[in-house]
Structures are given as C-alpha cells and as structure tokens.
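Notes follow once the structure below has been shown.
Numbering of residues begins at 1 and proceeds along the displayed sequence. As the structure lists them, so they are numbered: ligands from 1, and atoms in each ligand from 1.
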Amino acid sequence: MLIGVPKEIKDNEYRVGLVPSSVQELVHHGHEVVVERGAGIGAGLPDADYLAAGAMLAGTPAEIFATADMIVKVKEPLASERKMLRPGQILFTYLHLAPDPEQTRDLVASGAICIAYETVTSAGGTLPLLTPMSEVAGRLAPQVGAHSLEKAQGGRGVLLGGVPGVPAGEVVILGGGVSGTHAATIAVGMGAKVTVVDRSAEALKRLAAQFGTSISTVFSTRSAIEELVKRADLLIGTVLVPGAAAPKLVSHAMVRTMKPGSVIVDVAIDQGGCVETSKATTHSNPTYVVDGVVHYCVANMPGAVARTSTFALNNVTLPFAVALADKGWRSALAEDQHLRNGLNVMAGKITCAPVAEAQGLPFTDAKAAIGL
Ligand SMILES: NC(=O)c1ccc[n+]([C@@H]2O[C@H](COP(=O)([O-])OP(=O)(O)OC[C@H]3O[C@@H](n4cnc5c(N)ncnc54)[C@H](O)[C@@H]3O)[C@@H](O)[C@H]2O)c1
C-alpha cells in the first residue's frame, strides 16, 4: 500500500501523522510511504529523518492525495484537502464530525473510507486514540497553571511547591479521570497540596489506591466544591460527561470567592468548560482575567507540546495503521470491531450513529456498509 502523510495546515498545528519510526515500521511491512516536505518540522522531525526511515518526499499535498491509498493525518481535513480525497481512498485521522456538517457533506461526497481516531474503541470500553491527548493536557495543566500563578503573568505570586517554612500552593482538580489523574501526578511531583474531586466512587477509589496520602479525594457535591474553590491557588477543571457539554460545576459567584491572582485552568473547555466564566482561548493569547482570577482555557493544549503529542499519538495509532495497510480496509475493519467503530463515513454512507443523528442524516450500519 502507498501511505501518504501531508503536512498539517490547520492554524498552529505542528503535529504530524507519522513519525519516522512509524514510517520505518510500515516500510518494514512492505509498504511505501510518501511524506510532504517539511511535514514533521514543527515536531522537530526533519525531512532527512524521514528519508533515512525509507520514506519518499513530495513537494505538494496534491501529489500525496492523488497517489496514496491511505492518508494518515492528525486533524480533520480542511476544505482544500477534502477536495483532493478520492473514492476508495482511506482517511485515518481525527474527524470530530458531529458538530461539522460541511465536513460531513464533503466526506460523504468524496467516496473515501473515513476512519476517525476519536471513535475507535478498546475492549475496556475506552477511546484509546483519544486518551493520550487527555494525558498530555492533564500533565500540562499544572505546568501552565504554575506559570500563570507567577506575578508577571497576573498571578498571585505563589510557588506551588512552597519552600521550607512556607506552605505549598493548593491545587484543586475537578474530575479524576484520565486528565485529572495525570494533572494530579504532576501537581504532586511539584510539591503542591492536591485535592481531587469526582462524582464516581470508582474513580475516587482508584485515585486513593494510586496516590495514597499524597492527595485528598473528595466526593463531588456543590458545597464541597464551594469550599475547595475558595481555598484553591490553582483550580484545574477536567470533568467529562461523555457526549455532553461539560457540567458547569463552578458558578460565576464561586469564582468571585476565589483569592485574587488565583488561577483556573479549564481543560474541559473543548466540551464548553466546567466553569461559568470560561471561554475558549488560543496558544497565542491563552489567558484572561475575570474578577481578579486568571483563566487559562486553551482548547487544543496538546498543540503546545507538538513533539510529545505526536509521539504519544503515533504510539496508539500505528498498530491500526499497520493493520489497515497489511490487510486492506475491508479485512481490517471486518476483523476488528474496535477499529470498525472508528468508521464514520464509508463510500458515501454515514456509518457513525451519533454523527448521523446530530445532523439528521441517514445512518448505515458499519457492518452492512462493508458488506458483512
Ligand atoms: N483542552 C484540551 O486541549 C484538551 C485536551 C484533551 C482532553 N480535553 C478534555 O478534558 C476533559 C477530560 O477528559 P478525560 O479524558 O480526562 O475524561 P475522563 O472521562 O477520563 O474523566 C472525566 C471525569 O470527570 C468526572 N465527572 C463527571 N461529572 C462530574 C461531576 N459532576 N463532578 C465531578 N466529577 C465529574 C467523571 O467521573 C470522570 O472521572 C474532556 O472534556 C476532554 O475533551 C481537553
């Protein structure tokens, strides 16, 4: 199979679909890989590394889309890329189609086989191609929060780890799932006093078993959150109700009770945020202040660490890319129900129920669509 890796063209997107070691793996399996010149530069991966791994280089995305059997990307294809997709071509990338009718229409019209990272499942019921980005965002949250607490950033001037004779800063994490657990790991490592709030008894048990007495776990009630928010130097929001907008656990009135210069990092902003005063920001202008509280609400936090994020993503996508290349899409999708759950659009048919439902379009079962 000929696998194509175009350079990402979305604003401020520096990740790349395949790293050189992934290319080498695919070449080892007897496939050919064509990478757009400069595609990996933003993640610190020069063209020479791709050549050494056995890739061919292309000067334009058009050359790649015109020839590749499978396109491996990171972000959803933009309009100019969608025009170049061909019937029968495999597209393997994040799509996030439900809220995006234009992209859905174009992918249906393309006749391509579009497999979305974010709906691929695992035997444990998780979304394994989404998890690494939650891990990255969770681990970044205390780092950006600590920076925002610095005086020059408008913060309270508190060092999260404290120093001998001066108490550590207080970090309150709302949501103890993937992101929240990774945020706790870093915050504990920084020496902060950490409290994690969750409504799931299972999550609280798991956190207590993992962290012992180095964090406090609290069951999520409005009164508990009210008290914790007042004390927090850094409040990190990582709650998720799958498929729904994030619950607004922190009201504007609660934000007013926070200490001047304290910081909110609302990781859940991509689902609308769990703080009433949160609104999405970008890496070029990441923070703003409401009632003296610094808010950091960047919707694509992993983009800040494009290199780490690219490798983390490749670790989970590569086995599926290899299966698709080795077996062809029909057998790969037929044999693996979890990969099949990633199939969103198949030769003009929408095969992901929530996407069809969100847009009032006809739904075709993925099995039927591939002729099983
Ligand atoms: N901003 C970014 O760049 C970025 C990057 C990756 C992920 N995210 C977002 O981070 C959020 C968290 O993702 P995740 O993978 O950690 O999710 P997850 O499902 O692993 O964890 C969410 C946790 O929230 C808890 N929760 C739900 N409702 C709650 C409530 N009312 N009170 C307390 N806890 C509650 C759940 O029990 C669960 O433990 C998602 O919105 C995800 O999209 C953002």
Side-chain angles (χ1 to χ4, degrees), residues 10 12-15 74-75 94 96 98-99 117-122 124-145 172-186 195-208 210-211 215-226 228-229 235-251 254 264-276 278-283 286-287 295-306 308-309 312-313 316:
K10 198 163 176 168
N12 268 305
E13 182 53 68
Y14 298 108
R15 289 173 289 176
V74 178
K75 296 304 286 184
Y94 286 119
H96 297 290
Y117 292 161
E118 71 273 8
T119 61
V120 173
T121 52
S122 76
T126 63
L127 301 172
L129 307 196
L130 208 51
T131 300
M133 295 306 108
S134 290
E135 293 172 350
V136 168
R139 282 177 178 246
L140 259 178
Q143 181 173 320
V144 297
V172 173
I173 301 172
L174 302 177
V178 176
S179 237
T181 302
H182 283 265
T185 301
I186 298 302
T195 303
V196 184
V197 180
D198 206 293
R199 66 170 181 178
S200 147
E202 282 309 309
L204 294 173
K205 253 187 245 170
R206 177 179 44 73
L207 287 160
Q210 180 174 344
F211 290 97
I215 65 166
S216 302
T217 53
V218 171
F219 183 69
S220 180
T221 60
R222 196 172 165 81
S223 65
I225 292 173
E226 256 171 21
L228 288 166
V229 161
L235 178 71
I236 298 176
T238 68
V239 294
L240 174 68
V241 177
K248 299 282 181 214
L249 298 186
V250 179
S251 65
M254 289 187 210
I264 295 172
V265 175
D266 200 345
V267 179
I269 191 66
D270 60 344
Q271 296 289 123
C274 58
V275 178
E276 202 179 5
S278 292
K279 58 179 195 305
T281 59
T282 61
H283 288 294
T287 59
H295 290 54
Y296 175 104
C297 303
V298 174
N300 64 332
M301 291 175 69
V305 288
T308 301
S309 301
L313 187 59
V316 289

Next item on the list: Give a yes/no on ligand 1: does A299 have at least one heavy atom closer than 4.0 angstrom to it?
Entry: yes
Next item on the list: Considering heavy atoms of the protein only, find what lies nearest to atom 44 (C) of ligand 1 and give residue, atom and distance to 0.1 Å.
Entry: V267 O, 3.0 Å
Notebook entry, point to check: Is any side-chain heavy atom of Y117 less than 4.5 Å from a side-chain heavy atom of L313?
Noted result: yes
Notebook entry, point to check: To the nearest 0.5 Å, what is the distance between OG (S179) and CG (L240)?
Noted result: 9.0 Å
Next item on the list: Among all protein heavy atoms, pick out the one at the shortest distance from atom 17 (O) of ligand 1; state its residue, atom name and that distance to 0.1 Å.
Entry: L240 CD2, 3.5 Å
Notebook entry, point to check: Which residue supplies the protein heavy atom nearest to atom 20 (O) of ligand 1, what is that atom called, and how far is it?
Noted result: V178 N, 2.8 Å
Notebook entry, point to check: Under the side chain to side chain contact (heavy atoms under 4.5 Å, CB included) criterion, do R15 and K75 qualify, and how do the steps go?
Noted result: CA-CA 9 Å; R15 289 173 289 176; K75 296 304 286 184; 3.6 Å; yes
Notebook entry, point to check: Does any N/O atom on R199 come nearer than 3.5 Å to any N/O atom on ligand 1?
Noted result: yes
Note to self: Regarding atom 35 (C) of ligand 1: of the candidates D266, V239, L204, which has the closest heavy atom?
What the structure shows: V239
Next item on the list: Ignoring hydrogens and angles, tell me if any N or O in the side chain of S309 forms a donor-acceptor pair with the backbone of P302 under 3.5 Å.
Entry: yes
Notebook entry, point to check: Among protein heavy atoms, which lies nearest atom 8 (N) of ligand 1, and at what distance?
Noted result: D270 OD2, 3.4 Å
Next item on the list: Would you mind reporting whether V267 and M301 have side-chain heavy atoms less than 4.5 Å apart?
Entry: yes
Item checked: For ligand 1, the portion of Q271 having any non-hydrogen atom under 4.0 Å away -> side chain
Next item on the list: Using a strict cut-off of 4.0 Å, indicate which atoms of ligand 1 neighbour a heavy atom of S220.
Entry: 30 (C), 32 (N), 33 (C)
Note to self: Please confirm whether T238 approaches ligand 1 to less than 4.0 Å, judged on its heavy atoms.
What the structure shows: yes
Note to self: Give the atom numbers and elements of ligand 1 that come within less than 4.0 Å of a heavy atom of L249.
What the structure shows: 30 (C), 31 (N), 32 (N)
Notebook entry, point to check: At the 4.0 Å heavy-atom cut-off, does V298 count as touching ligand 1?
Noted result: yes
Checklist line | Between T181 and R206: side-chain donor-acceptor atoms closer than 3.5 Å | finding: yes
Margin query: Give me the nearest non-hydrogen protein atom to atom 13 (O) of ligand 1 as residue plus atom name, then the distance to 0.1 Å.
Written below: S134 OG, 3.6 Å
Margin query: Any nitrogen or oxygen of M301, side chain or backbone, less than 3.5 Å from one on ligand 1?
Written below: yes
Note to self: Under 4.0 Å, heavy-atom basis, I'd like to know which part of A137 is in contact with ligand 1: side chain, backbone, both or neither.
What the structure shows: side chain
Item checked: Atoms in ligand 1 with a heavy atom of S200 nearer than 4.0 Å -> 37 (O)
Next item on the list: Distance to 0.1 Å, residue and atom name: give those for the protein heavy atom nearest to atom 38 (C) of ligand 1.
Entry: D198 OD2, 3.5 Å
Check: N300 heavy atoms, cut-off 4.0 Å: which ligand 1 atoms fall inside?
Finding: 3 (O)
Checklist line | atom 6 (C) of ligand 1 [closest protein heavy-atom partner, distance rounded to 0.1 Å] | finding: M133 O, 3.4 Å
Item checked: Protein contact to atom 21 (O) of ligand 1 [nearest heavy atom, distance to 0.1 Å] -> G177 CA, 3.2 Å
Check: Going by heavy atoms in the side chains, are T238 and I173 under 4.5 Å from each other?
Finding: yes
